[in-house]
Structure formats: structure tokens, C-alpha cells
*Asks:* 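Starting off with a structure, shown below.
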Amino acid sequence: MTFTSTILPLIQTAVVNETGVDYPIRLDIPNDPSHGDYALTIAFSLAKQLKQSPQVIATTLATAITTNTPFEATAINGFINIRIPLTHILTYLESSLDTPPHLETSDRILLEYVSANPTGPLHIGHGRWAVIGDCLYRLLTYLGVSVTRECYVNDAGHQVTLFNESVDCVRKGIPIPENGYGGDFIPYLVDHCGPDQAPIDFVQAYQTETLHRMDCHFDGWFSETTLHKNGRILADIRDMFGDYVYEKDGAVWFKTTHFGDDKDRVLQKENGDLTYFAADTLYHIHKINRGYTHLINIWGADHHGYIKRMESVIKATQKPVKFQVILGQLVHLYKNGEPVKMSKRSGDLVALRSVIDEIGSDALRYFMIEKKPELHMDFDLELAKQKTMANPVYYIQYAHARLCRIIERSEGMPGVTRDLNDGDRELALMGCRYHNQLVEAGASFNVHHIPSYLYALAKLCHTFYTNNPIIYDNAVHTERLHIIATTKRILSHGLSLLGISSPQKM
RNA sequence: GCGCUCGUAGCUCAGUGGAUAGAGCAACGGACUUCGAAUCCGUGUGCCGUAGGUUCGAUCCCUACCGAGCGCGCCA
């Protein structure tokens, strides 16, 4: 249950009773906290309809709200500012974490991300999609939404053939073919991959292990090869989309332009091979056939040209399925200010695994999730290492550890009740907003709101810690202890949604 | 050329159709006998890329332009 859901209905009723107009109301948080805990801008919206000035309406409504609800409302320049009584805040805070908020949707979500070729180690960009996907999963699941995490394994096609050839060449000690896979990884693979294991299986296991090091997991791995097995990919596509499949220049095409794409796309090449697009089309149909109604893909921004194509496929099914792509901009990796190439085939690859091992999963995850996905991101390895101790994640974790310490120290001490001040109120109110933040983040699929919120909460904690002693005169301030106990749980829970640990001691 | 993403303080970035646009870093000055100083407190900075438009109100929505990155394969 969110905090605003304990407030909004009462205000809504008061407004409807007063004006006779059932207008949807939104609670805003004012920029300036001195204005109030929440604000309504409804008076502006109703001005035309009621033929009165916003201020007149606001004044009337403020009186009605103050009279008919537990909340105190004042009208200023057309805004209605709301102040929530402390008792309401504390009552909510006490029980808030026991009832998770719900995000209303009947969709079954399939979240596909990473989906790397099993031809080399994952790079830092994969790390970014992995963390975004993983956090989104954790958040939506907490909000009661049905989400399945899936990684599509591109274990078929020309690149895999090329990769296997490269491995063979290295094994035989002969030069790798033109456009083959160079770099340090193949020799590493040759040294570690047993004779009974296929090279791509080794790579996939290697990638999985890397992801585990940053606590990223999947519910399923979908192998492209399984789609090819019965040899019916093209036939199945024809069966479903016969009207939009045609032959030209010896190739087979999908008429994606009919659905808004720039040009039609090839399903089967002149040489008889199927394209990546053909298999991926069937894969997405497969998702729909498994009952998923909302397909979310996290792709690197270099694949944005592919979106229209897959959108066309979804539209062609004429099924009420949502298709959404979260575009993650690539991470530009630097080392001491020098750009580092991330090409999978180049020898100077900086693998995700080495970054995890260098700066740690907690710090890496925080860096990857604190910025919105579509933001271009520069990531300097040396800087990240240097800043490790000044990293925001430690600031948040430290707040948690400090609160743990107080709670530990207070055990067995006599409790006393004393007055609460503005600092108490501010921290408690911030804690109340946690569920609203989560719902907002979940509804918009913007996971990066969570670290922003947690940082702000941690900041209040540190200020609170300095100004508001919980233990003094050998006694515990009971109400304060309740506030920080819940705050501690929120910090810990929020961090867990990000896949970041919340140590009791640091 | 066409398309996608981005453009906010010196740097890295939040932010929302609403009130005086905010954090962190960096700089400077304070605060440890006291629940952990990995902390706190104080001191500045902005044509929110540019120009129009919609609106009672635009940094946010629309259009054009400028700049950065990416894409425009019968590669994956």
C-alpha cells in the first residue's frame, strides 16, 4: 500500500462533494517543502469549467479539505498545499513494509536482455543491460507483476561457424581465418575447454558465471538452435504471415514496410541460409505463444535500427501484445582517460568480468543503474576504482550500517517517550514515500529512480544521525527508534531491489 | 541524405505541464571527550543547445535548426 493511497481518496471525496465535479486528482510534491507535504493543482484545471479564478477555487477546496479530512490544506496563488499530520505519517510508516504496493496490470511480461553471442566474454555494455534487466525484474516482481527473465542465445549462424573455425585454428596452431576471432580469449578457451565440451557451451557457461558474479540470473536461456531443429522456421513464418512474405531476387522477404519499417527485410538469403531476423521473428512468436502479453527487450543502442523490424512482426500477428524496447546506450570505457575499444573480436577487450573483479559487484551495479539507460555513459575504470570509497553506494550502505549500530546498542535499554522535532518528521515522511517511488519507477520502467530515492533517504539519515540522538541519558527514545528501525529496513530493501548488499558493519 | 538517442552549474548527472530548476564531485571555511567523522554544517554558479508554436502556465509537449553519439547489410 502506498502512502498517497491513504490520502488521495479522502481528498478526492472532499473535492467531489464540494464542487460536484469528479475530476481526477494528482498529489504533487512541492519543490519547496515549506509549502507543504503535497500539493494539488486542480484549481487551475477547474478554473475554466467552474468559471472562477484558480485562487477562489483553491480557497474553497482548501477549506473543504481541512474540514472533512485529517489533512490540513491552505490555498496560495491557486495551489492547494497539504500538510499531513504526524500521527498519520507514523501510523503508516509503522506498517508500510508489511504490505507491498501493487502495480495494476494483467500483463505477463517477458523480459529479454543480454542475449549475447556465445562467442566471447561479456563486455561492460552487457553488464549494463544485465543490471538494468535484473533490477527491473526485482522491482516488478515486488510490485506483484508477473515477469520472466530470458536470455536468447545466438548459438546458430555465420558468426558461430566463424567462431568455431577460429577455435579449431588456434587448436591446430595455424592462423585464424580472415574476419575470425582474435584476441586473448580463444587461447584461454583452448586451454580450459575440455574435448567433450562444445566451445560455445564453454563460452555460455563462462558468460553465465560472469553474470552470477554480479548476482544476475535468468529464468530461462532460449537457444536459437532449437528453432532451427525441425527446419520449419520459414514454413512457420509463411503459415502465419503468408500475405506479407514474398520472393524477389532469389531471396525471401518479409514486407515489413507494410507496418512502418523503412524497407522490407530478408528472411532467407539467396544462398538458402536463413537470416538472424527470420529466427528472431519466430522466437518472438514463440514468446507470444507461451502466453506473454508484454514483451520487453533491452537492447544496445547500436541495434535501434532493428526496432521497427520487430515491431512490424508483432503488428503482423494482430494480437494485443505490447512490444517495448529499452535502448541502453553503450558504455564508453576509459582507462586513465584513454578510450578502450569494446569490440568483441579485438584483442584489447576489457571484459565485464575483470571490471567486476576490480571494483566489486555492489559498486558496479550502482554505477550501471544510477543513470537512465538511454544516457550515454562514460565509465573510467581508474576513476571508479579511485572513487570506490567516495562512491554513492557506500554513502547509502554507511547510513544503513549506522542505523544498525544504534539498534544494536539500544537493545535492553529502558525506553522513554520524548517530543519529536522537524527532523523526525522529515525522515519519517521520506520513508513513507518509498512505496510511491517504487510504483512510479515500476509503472514507467525507470529503475534509476530507486538509487536517487535511496541516496536522498540516506542523506536524511546522516543529517538525522547528527542532530537527533536516539540514545541518551542511558535510555532509548522510543518513537525515534521506531522511525529509524523502519528506515533501516527501507534502505536494506531498496538496496536489495538493486541487487546491492546492505552490510550491518563496514 | 534519412532515422534513433542525447544536449540542464566548471565536471558527472537528477528532475516535473506548475510556485524561486536541484544533488554529487571539485573549491573554500567550520564541526570528533558525545548512538561509527566512510559523516555533518556553511559559502557560489545556470539564456535548462537555439528559434518559433500550443497552454492560464513549457526545462518538460509540437515544429525547425545547431551540436554529440549511434544506425542505415541477403551481419548478428
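All chains are named by letter (A, B, ...) in the order of the sequence lines, taking the proteins before the strands, and each is independently numbered beginning at 1.
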*Asks:* Using OP1 and OP2 only, check whether a side-chain N or O of A/K263 sits under 4.0 Å from B/G73.
*Replies:* yes

*Asks:* What nucleotide among B/C75, B/C35, B/C70 has an atom nearest to a side-chain atom of A/I406?
*Replies:* B/C35

*Asks:* Please state how far atom OH in A/Y366 lies from atom C1' in B/C13, giving the value in whole angstrom units.
*Replies:* 11 Å

*Asks:* Check whether more than 12 heavy atoms from other residues, nucleotides or ligands sit under 6.0 Å from atom CG of A/D32, and answer yes or no.
*Replies:* yes

*Asks:* Any idea which of B/C56, B/C74, B/G36 is nearest the A/R405 side chain?
*Replies:* B/G36

*Asks:* Base, sugar-phosphate alone, or nothing: which one does A/H448 contact when heavy atoms must sit under 4.0 Å apart?
*Replies:* sugar-phosphate

*Asks:* Quick check: any donor-acceptor pair below 3.5 Å linking the side-chain of A/N81 to the base of B/A19?
*Replies:* yes

*Asks:* Considering just the side-chain nitrogens and oxygens of A/K269, establish if one lies under 4.0 Å of OP1 or OP2 belonging to B/C75.
*Replies:* yes

*Asks:* Paired with B/G57 by Watson-Crick or G-U wobble geometry, both distances under 3.5 Å: which nucleotide is it?
*Replies:* none

*Asks:* Counting the atoms with a prime plus P, OP1 and OP2 as sugar-phosphate, which does A/T463 contact under 4.0 Å by heavy atoms, base, sugar-phosphate, or nothing?
*Replies:* sugar-phosphate

*Asks:* Measure from NZ or CZ of A/R433 to the centre of the six-membered ring of A/Y38 and say whether it is under 6.0 Å with the direction within 45° of the ring axis.
*Replies:* yes

*Asks:* Look through every strand shown and name the nucleotide pairing with B/A64 as Watson-Crick or G-U wobble, where both distances are under 3.5 Å.
*Replies:* B/U50

*Asks:* Could you check B/C32 for me: syn (within 90° of 0) or anti?
*Replies:* syn

*Asks:* Using Watson-Crick or G-U wobble geometry with both distances below 3.5 Å, tell me the partner of B/C72, or none.
*Replies:* B/G1

*Asks:* Quick one: is B/G36 close enough that its OP1 or OP2 comes under 4.0 Å of any side-chain N or O from A/R409?
*Replies:* yes

*Asks:* Check A/K308 with A/E311, please: is the shortest side-chain N to carboxylate O separation under 4.0 Å?
*Replies:* no

*Asks:* Quick check on B/G15: is either OP1 or OP2 less than 4.0 Å from any side-chain nitrogen or oxygen of A/H449?
*Replies:* yes

*Asks:* With the stacking rule set at 5.5 Å and 30°, tell me whether A/Y398 counts as stacking on B/G36.
*Replies:* no

*Asks:* Considering only B/C35, B/A37, B/A76, which nucleotide approaches the side chain of A/I471 most closely?
*Replies:* B/C35

*Asks:* Check this for me: does any side-chain nitrogen of one of A/K287 and A/E112 sit under 4.0 Å from a carboxylate oxygen of the other?
*Replies:* yes

*Asks:* Do A/R265 and A/F277 form a cation-pi contact, if we require the NZ or CZ to be under 6.0 Å from the six-membered ring centre and within 45 degrees of the ring's axis?
*Replies:* no

*Asks:* Return yes if some donor-acceptor pair links the side-chain N/O of A/D155 with the main-chain N/O of A/E224 below 3.5 Å, else return no.
*Replies:* yes

*Asks:* Output yes when at least one side-chain N/O atom of A/R265 is less than 4.0 Å from OP1 or OP2 of B/G73, else no.
*Replies:* no

*Asks:* Whole Å only: how far is the CZ atom of A/F464 from the P atom of B/G36?
*Replies:* 15 Å

*Asks:* Who is the Watson-Crick or G-U wobble partner of B/A38, with both distances under 3.5 Å?
*Replies:* none

*Asks:* Just name whichever nucleotide pairs with B/G17, Watson-Crick or G-U, keeping both distances under 3.5 Å, else none.
*Replies:* none

*Asks:* Strictly by modelled atom types, are A/D264 and A/T257 linked by a side-chain donor-acceptor pair under 3.5 Å?
*Replies:* yes

*Asks:* Does B/G57 have its OP1 or OP2 closer than 4.0 Å to a side-chain nitrogen or oxygen of A/K48?
*Replies:* no

*Asks:* For A/K459 and B/G24, is the shortest distance between a side-chain N/O and OP1 or OP2 below 4.0 Å?
*Replies:* yes

*Asks:* For nucleotides 3-5 of chain B, give me every protein contact, N/O to N/O, under 3.5 Å, one pair per line with atom names.
*Replies:*
{"residue": "B/G3", "atom": "N2", "partner": "A/H304", "partner atom": "NE2", "Å": "2.3"}
{"residue": "B/U5", "atom": "O2'", "partner": "A/Q329", "partner atom": "NE2", "Å": "3.3"}
{"residue": "B/U5", "atom": "O2'", "partner": "A/E374", "partner atom": "O", "Å": "2.9"}

*Asks:* What's the CZ-P distance between A/F44 and B/C56, to the nearest Å?
*Replies:* 13 Å

*Asks:* Looking at every strand, decide which applies to A/D264 at a 4.0 Å heavy-atom threshold: base, sugar-phosphate, or nothing.
*Replies:* nothing

*Asks:* Taking the P atom of each, how far is B/A68 from B/C41, in whole Å?
*Replies:* 41 Å

*Asks:* Got a salt bridge between A/R238 and A/E247, using NZ or NE/NH1/NH2 to carboxylate O under 4.0 Å?
*Replies:* yes

*Asks:* Would you mind checking if A/D37 and A/R425 are paired as a salt bridge, meaning a charged N to carboxylate O distance below 4.0 Å?
*Replies:* yes

*Asks:* Is the shortest side-chain N/O distance from A/Y276 to OP1 or OP2 of B/A76 below 4.0 Å?
*Replies:* no

*Asks:* Using the P atoms only, state how far B/U55 lies from B/C62, rounded to an integer number of Å.
*Replies:* 16 Å

*Asks:* As a test of reading the structure: which of B/A76, B/G24, B/C13 is closest to the side chain of A/Q159, going by heavy atoms?
*Replies:* B/A76

*Asks:* Are the side chain of A/T478 and the backbone N or O of A/G415 linked by a donor-acceptor pair below 3.5 Å?
*Replies:* no

*Asks:* Considering Watson-Crick and G-U wobble pairs with both distances under 3.5 Å, what does B/C25 pair with?
*Replies:* B/G10

*Asks:* How would you label the contact of A/A456 with the nucleic acid (heavy atoms, under 4.0 Å): base, sugar-phosphate, or nothing?
*Replies:* nothing

*Asks:* By a 5.5 angstrom centroid cut-off and a 30 degree plane limit, is there stacking between A/H303 and B/A76?
*Replies:* yes

*Asks:* Please tell me if A/Y395 has a side-chain N or O lying less than 4.0 Å from either OP1 or OP2 of B/C40.
*Replies:* yes

*Asks:* So what does A/Y472 touch, heavy atoms closer than 4.0 Å: a base, only the sugar-phosphate, or nothing?
*Replies:* nothing

*Asks:* Rounded to whole angstrom units, what separation is found between the NZ atom of A/K371 and the P atom of B/G7?
*Replies:* 13 Å

*Asks:* When all nucleic acid strands are considered with a 4.0 Å heavy-atom cut-off, which category describes A/D302: base, sugar-phosphate, or nothing?
*Replies:* sugar-phosphate

